[in-house]
Amino acid sequence: MKEILIIGNGISGMMCAIRCAELGMKVKLIAPGPSEQSQSVMAAGGINAVTERHEEGDSVQCHIEDTLKGGAYLAGSNAVKGLCSDAKEIIHYLERIGTVFSVDEQDRPLLRAFGGQTYKRTHYCGSSTGKHIVSALVMEVRRFEAAGLITRIMRHHFYSALISDGRCYGALLYDEDARELVPVYADALVMATGGQNCLFGKTTGSSRCDGYAVGRLFMQGAALKNLEFIQFHPTTLETPQKRMLISEAVRGEGGRLFYMDGDQKVFFMEDKYGPRGNLMTRDLISREIVATGRDVLLDISFMDKRLIDSRLPEVRDICAKYRGIDISKEPIPVAPSVHYFMGGLAVHKDHETNIQGLYAVGECASIYHGANRLGGNSLLSAMYSGKVAAESISGKDHKLEPADFENYILAEQEGFKKMLDAKSPFAAMHIRDMLADTMREHMSIVRCADSLSKVIEDVRYYLSVAERIQYYASVSAYTNYSLSGILTLALAALTCADARRESRGAHYRSDYPTASDEYRAATIISYNDGNMQVSFDRENAYED
Ligand SMILES: Cc1cc2nc3c(=O)[nH]c(=O)nc-3n(C[C@H](O)[C@H](O)[C@H](O)COP(=O)(O)OP(=O)(O)OC[C@H]3O[C@@H](n4cnc5c(N)ncnc54)[C@H](O)[C@@H]3O)c2cc1C
């Protein structure tokens with residue numbers, strides 16, 4: 001029986017575990033905490049699919065075209081075809097396992113439009129779709145746990161992969177309770193570690209998604225893709241702890257963006273792009289908001305209060321709780337913030353990376369969203385990629401050849417122990433905060449060569465400090481050992497942003513403000529002995 005190790009228990013990790021178990025494989029599902037604490041529970045607005053109950057005129061082909069166009073034609077077209085074609089089955093599966101989507105009085109699914117969609121095709125559960133999907137998947141995971149096919153292991157973190165001669169044999173994990181590194185061998189290792197929020201500090205997402213695992217795997221030889229494409233969500237609310245998402249569902253329900261010019265309301269998106277202006281893609285709206293140079297507001301107060309209560313209860317509660325705003329009476333002050341990472345581990349259509357036996361699914365993999373993700377497509381890709389990876393693993397002969405990791409494991413364990421015993425006054429967290437400040441300032445919605453070279457210099461300096469200090473005073477061993485992986489990932493993202501001398505999707509360069517055919521290709525970055533190498537995948541080699 002094949003044994004699979006999955007790191008991360010959000011929607012993509014759980015879906016992969018369930019499908020592996022259905023196919024008769026044995027799974028270890030690893031994460032620091034329960035699935036109910038993964039970022040997936042934050043997903044609000046919904047999941048896209050064209051089902052038999054679609055809006056008139058809509059089709060799977062139209063979903064494919066919207067996705068490719070929204071991603072500025074950088075997404076893998078075969079992969080997107082698979083994603084959109086399977087979406088209907090994914091909705092039915094979710095219903096079967098207990099996800100209750102919002103319906104009208106006739107029991108027909110309610111659909112909403114997200115930015116960049118030609119038709120309404122987003123299925124939702126009020127404004128807490130992620131929570132409902134996670135609950136249903138957790139029940140399924142438990143069912144397979146009872147059958148002895150899935151084992152959930154918490155309070156464990158990824159440390160590194162066990163790789164020899166381009167083949168992955170499992171991972172070294174940090175066990176928080178034992179405070180030691182433990183090897184876990186597996187026929188396939190599946191990464192499902194989500195986005196890279198820590199690179200930017202305050203974002204809409206979870207601080208558990210820090211990008212470390214992706215950074216570390218990069219240093220171990222895994223190629224990364226499209227790192228410069230970072231989605232800024234146009235409508236977020238400032239709070240002391242983080243940026244709270246004001247879901248696109250508000251605009252999907254008719255919400256209007258405006259700013260005040262004296263006592264006049266200026267509906268700048270509608271003025272420039274017509275009646276669908278508030279539902280343009282996220283990259284474009286974010287840039288337009290920045291271009292106004294004003295404080296922008298989002299108004300939904302004209303909507304019937306009962307509809308607000310039934311369709312947007314979470315948005316209503318967030319605004320009331322964090323800022324004392326009653327959205328049925330007043331507009332919401334909004335600003336763009338980092339929200340989603342289109343880039344990550346480069347995977348083939350079957351979700352295997354360039355390292356045999358190493359797979360990536362969900363937000364940490366890069367394949368479906370090109371230069372900009374459409375709202376509602378991420379939950380879909382998390383579900384779909386989990387399935388595809390499991391089926392691919394099941395179909396391949398991943399027979400383990402013996403590989404000797406004893407020396408590697410002993411050396412890492414020894415270094416780790418030294419780190420735990422060290423008493424340095426230097427805190428790793430300070431470097432992470434400095435990184436986040438500089439990334440927010442220079443790797444923002446509008447970028448340029450001068451600013452990028454400044455931040456590249458800064459991050460190189462942080463890395464050199466990190467290499468010299470090695471051991472820090474810190475709140476946790478994880479914060480210590482994750483630092484160099486996070487800094488390396490940041491440097492890789494900046495290097496990609498510097499190399500792409502055009503503007504496309506979420507990557508906007510004031511010094512190269514238009515798209516160029518020369519760059520109509522995915523960015524691939526690899527790491528060799530401390531050197532990073534960027535190339536552009538014009539043949540779409542990674543998709544097939
Ligand atoms: C506020 C918000 C609202 C959103 N709304 C929507 C929406 O309406 N529709 C939509 O399609 N998308 C939405 N998204 C995006 C979507 O929620 C995510 O892209 C998706 O849930 C990611 O799922 P995932 O399984 O890849 O990762 P996650 O759910 O982020 O799970 C990652 C897992 O990896 C674990 N992990 C991370 N690092 C390590 C490590 N080093 N070691 C061990 N474990 C680790 C984490 O603890 C977690 O268990 C939203 C995102 C946010 C932030």
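One-based numbering, in listed order, for ligands and for the atoms of each. Here, residue 1 is the first one in the sequence, and each next residue gets the next number. Everything numeric here is computed off the predicted structure, so don't read it as measured data.
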Counting heavy atoms only, which part of [X] comes closer than 4.0 Å to ligand 1: side chain, backbone, both or neither?
X      : result
Arg373 : side chain
Thr203 : neither
Ala192 : backbone
Tyr124 : neither
Leu379 : both
Ala43  : both

Starting from [atom], what is the nearest protein heavy atom, named by residue and atom, and what distance separates them?
atom                    : answer
atom 27 (O) of ligand 1 : Gly194 CA, 3.5 Å
atom 7 (C) of ligand 1  : Gly46 O, 3.7 Å
atom 49 (O) of ligand 1 : Asn9 OD1, 2.7 Å
atom 44 (N) of ligand 1 : Pro32 CD, 3.3 Å
atom 35 (C) of ligand 1 : Gly8 CA, 3.7 Å
atom 40 (C) of ligand 1 : Phe158 N, 3.9 Å
atom 21 (O) of ligand 1 : Ser40 OG, 2.9 Å

Salt bridge [X]-[Y], side-chain N to carboxylate O under 4.0 Å:
X      : Y      : value
Glu140 : Arg19  : no
Glu363 : Arg373 : no
Lys120 : Glu55  : no
Asp175 : Arg155 : no

Practice problem: Indicate yes or no: does an N/O atom of Ser12 lie under 3.5 Å from an N/O atom of ligand 1? | Solution: yes
Quiz item: Could an N or O of ligand 1 be found under 3.5 Å from any N or O of Asp210, whether backbone or side chain?
Solution: no
Any atoms of ligand 1 less than 4.0 Å from a non-hydrogen atom of [X]? List them with their elements.
X      : value
Gly10  : 25 (O), 29 (O), 31 (O), 49 (O)
Ile11  : 25 (O)
Gly376 : 9 (N), 10 (C), 11 (O)
Leu245 : 1 (C), 2 (C), 3 (C)
Asn377 : 11 (O)

Could you pull out the closest heavy-atom pair between [X] and [Y], with the gap in Å?
X      : Y      : answer
Lys88  : Val50  : CB-O, 3.6 Å
Ala477 : Leu420 : CB-CD2, 3.6 Å
Asn9   : Met14  : O-CG, 3.6 Å

Self-check item: Leu172, Leu173, Ile409 screened by side-chain contact (heavy atoms from CB on, under 4.5 Å) with Leu181, the one that passes
Solution: Leu172
Does the side chain of [X] come under 3.5 Å of the side chain of [Y] through a donor N or O and an acceptor N or O?
X      : Y     : result
Asn377 : Thr67 : yes
Gln117 : Asp58 : no
Ser59  : His54 : no

State if [X] counts as touching ligand 1 under the rule of any non-hydrogen atom under 4.0 Å.
X      : answer
His339 : yes
Ile47  : no
Thr129 : no
Ala44  : yes
Gly375 : no

Is [X] reaching over with its side chain to a backbone N or O of [Y], donor-acceptor style, under 3.5 angstrom?
X      : Y      : value
Ser12  : Gly386 : no
Thr353 : Leu358 : yes
Glu145 : Arg152 : yes

Quiz item: Are Asp283 and Phe229 close enough that some pair of their side-chain heavy atoms sits under 4.5 Å apart?
Solution: no
